[in-house]
Colleague: 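Questions regarding the structure given below will be posed in turn.
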Amino acid sequence: MKKTSQLINGQSPSYRDFPFRLLLSLFAAHFILSHTTAYGFFEVILVNGYLFSLISSFIIALALIQMVYWVTTLLDKSFPYTENWRLRCVLQIFIGIVGVALLAFMFAYGFFFINNVTDRTSRYIDHDFPIIVAFIIGINAYYFIRYAIYVNNKLFNRVRTLAKRDRKQAVKNVTPMEITSNNEDEVKIACIVKIERKYMVMYTNITEFPWFKPIKSSFEDLPKSDYFVINPRCIIAKEIILSVTPIKSKRYALTLKPPFHNKLNEEDLIVSQSNKIDFEHWYVK
């Protein structure tokens with residue numbers, strides 16, 4: 001987890017969801033009112049005193065959501081999940097859930113005490129309090145999911161940045177004539193071919209390796225008298241060509257010398273129509 005924290009530079013998410021908290025508080029207040037009466041979810045709006053009760057419930061719901069929000073942001077900075085997720089989960093449960101639930105109970109009991117209806121406490125505990133606890137758990141779960149999404153996005157962007165940097169470094173360091181061989185004879189590039197979205201280089205000693213440069217930029221670094229871009233997917237060395245056969249659509253099909261003749265697909269060995277004339281001049285030199 002520490003490595004994860006390092007990858008995201010120890011940053012914490014900035015939730016910026018106050019409009020969502022307002023709407024959720026309004027919904028929760030209305031739901032509690034509809035739950036505590038015999039009226040339906042929409043019918044309760046027409047009951048006398050609904051607006052006053054809604055405002056009171058809304059303030060309490062918003063206060064609870066704000067408490068969860070403040071606890072979460074504080075713990076994000078002091079005890080992030082990426083540092084010690086076990087400790088953070090324990091703190092989030094005890095402070096963000098249990099602590100806020102106790103605060104909700106104190107709000108309700110204070111309301112009952114002020115209005116001299118403390119006998120409603122038992123009914124509140126049996127019917128309303130479980131819903132409020134579930135509501136508090138849901139808010140905590142929401143912020144946990146937001147945190148997980150934030151970390152995953154940060155990790156994805158960080159890994160993608162590192163991959164691009166490493167790829168650029170590999171492209172910078174490699175040259176087309178770079179050879180890895182134990183043979184005493186000189187080993188050269190036989191061909192560079194694009195397979196799907198990746199590039200592969202084959203040397204004259206039949207070794208194959210991944211390649212990190214596209215066809216165009218690779219060709220710029222190769223001797224033009226020895227190599228030719230026969231189509232957008234393939235660069236071929238003149239010394240491995242066995243024969244050239246004219247085919248339809250004013251194109252050429254190449255046959256390679258053994259053991260290269262069965263290493264590439266036939267489609268990769270077609271000289272494109274746009275390259276035909278240049279290929280003729282290059283090949284006869």
Side-chain angles (χ1 to χ4, degrees), residues 12-82 85-153:
S12 299
S14 178
Y15 299 107
R16 297 179 181 177
D17 58 352
F18 186 69
F20 169 77
R21 280 175 265 156
L22 287 177
L23 292 176
L24 185 60
S25 300
L26 184 62
F27 173 81
H30 176 78
F31 180 81
I32 288 293
L33 290 178
S34 64
H35 175 74
T36 55
T37 64
Y39 299 94
F41 186 81
F42 297 103
E43 294 174 348
V44 69
I45 298 175
L46 303 177
V47 176
N48 291 333
Y50 166 78
L51 185 59
F52 175 77
S53 300
L54 179 68
I55 293 174
S56 302
S57 298
F58 170 77
I59 293 174
I60 294 175
L62 182 60
L64 296 179
I65 294 178
Q66 284 296 115
M67 285 299 301
V68 174
Y69 171 78
W70 288 330
V71 167
T72 301
T73 53
L74 179 62
L75 292 178
D76 282 348
K77 295 178 181 179
S78 303
F79 303 95
Y81 288 104
T82 52
W85 68 268
R86 293 183 180 87
L87 176 61
R88 171 58 188 275
C89 287
V90 171
L91 292 175
Q92 192 73 39
I93 291 172
F94 277 95
I95 304 177
I97 297 178
V98 177
V100 176
L102 290 176
L103 183 64
F105 178 80
M106 292 173 61
F107 281 158
Y109 186 80
F111 176 81
F112 297 150
F113 181 81
I114 293 173
N115 291 274
N116 198 24
V117 287
T118 54
D119 56 316
R120 292 177 54 184
T121 304
S122 59
R123 184 180 181 280
Y124 170 80
I125 294 176
D126 293 337
H127 295 85
D128 298 339
F129 191 63
I131 297 176
I132 293 174
V133 172
F135 172 71
I136 294 171
I137 293 174
I139 298 301
N140 279 269
Y142 160 76
Y143 282 114
F144 174 79
I145 293 172
R146 286 285 304 273
Y147 188 95
I149 292 174
Y150 169 82
V151 170
N152 285 331
N153 286 339

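What you are looking at is a predicted structure, and each value in this text was computed from that prediction instead of being measured. In this chain, residues are counted from 1 in sequence order.
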Colleague: Using 0.5 Å steps for rounding, measure from the CD1 atom of I60 to the OG atom of S25.
Modeller: 11.5 Å
Colleague: For the CG atom of L23 and the CZ atom of F27, what is their distance to the nearest 0.5 Å?
Modeller: 11.5 Å
Colleague: Do the non-hydrogen side-chain atoms of L54 and L26 ever get within less than 4.5 Å of each other?
Modeller: yes
Colleague: Within the supplied structure, the quantity of interest is the number of heavy atoms (other residues, nucleotides, ligands) at a distance under 6.0 Å from N116 CG; does it exceed 12?
Modeller: no
Colleague: Assess whether atom OH of Y142 is packed by more than 12 heavy atoms of other residues, nucleotides or ligands within 6.0 Å.
Modeller: yes
Colleague: Please say which of Y143, Y147, Y15, Y81 ends up in a side-chain hydrogen bond (donor to acceptor under 3.5 Å, both in side chains) with D76.
Modeller: Y15
Colleague: If you measure from CG on L103 to CD1 on I95, what distance do you get to the nearest 0.5 Å?
Modeller: 13.0 Å
Colleague: To the nearest 0.5 angstrom, please state how far the CG atom of D126 sits from the OG1 atom of T121.
Modeller: 11.0 Å
Colleague: Using 0.5 Å steps for rounding, measure from the CD1 atom of I97 to the CD1 atom of I139.
Modeller: 11.0 Å
Colleague: Please confirm whether the backbone N or O of L75 pairs with a side-chain atom of S78, one donor and one acceptor, at under 3.5 Å?
Modeller: no
Colleague: Is the shortest heavy-atom distance from the side chain of F129 to the side chain of V133 under 4.5 Å?
Modeller: yes
Colleague: In Å and rounded to the nearest 0.5 Å, what is the OG1 to OH distance from T73 to Y69?
Modeller: 5.5 Å
Colleague: Going through the distances and angles, do F105 and I132 end up as a side-chain contact (heavy atoms from CB on, under 4.5 Å)?
Modeller: CA-CA 9 Å; F105 178 80; I132 293 174; over 6 Å; no
Colleague: With a 6.0 Å cut-off on ring centres, are F31 and F135 close enough?
Modeller: no
Colleague: Between F144 and T72, is any pair of side-chain heavy atoms under 4.5 Å apart?
Modeller: no
Colleague: Taking all non-hydrogen atoms of both residues, which atom of G96 and which atom of I136 are closest, and how far apart?
Modeller: O-CG2, 3.5 Å
Colleague: Is it the case that Y150 and R146 place a side-chain donor and acceptor less than 3.5 Å from each other?
Modeller: no
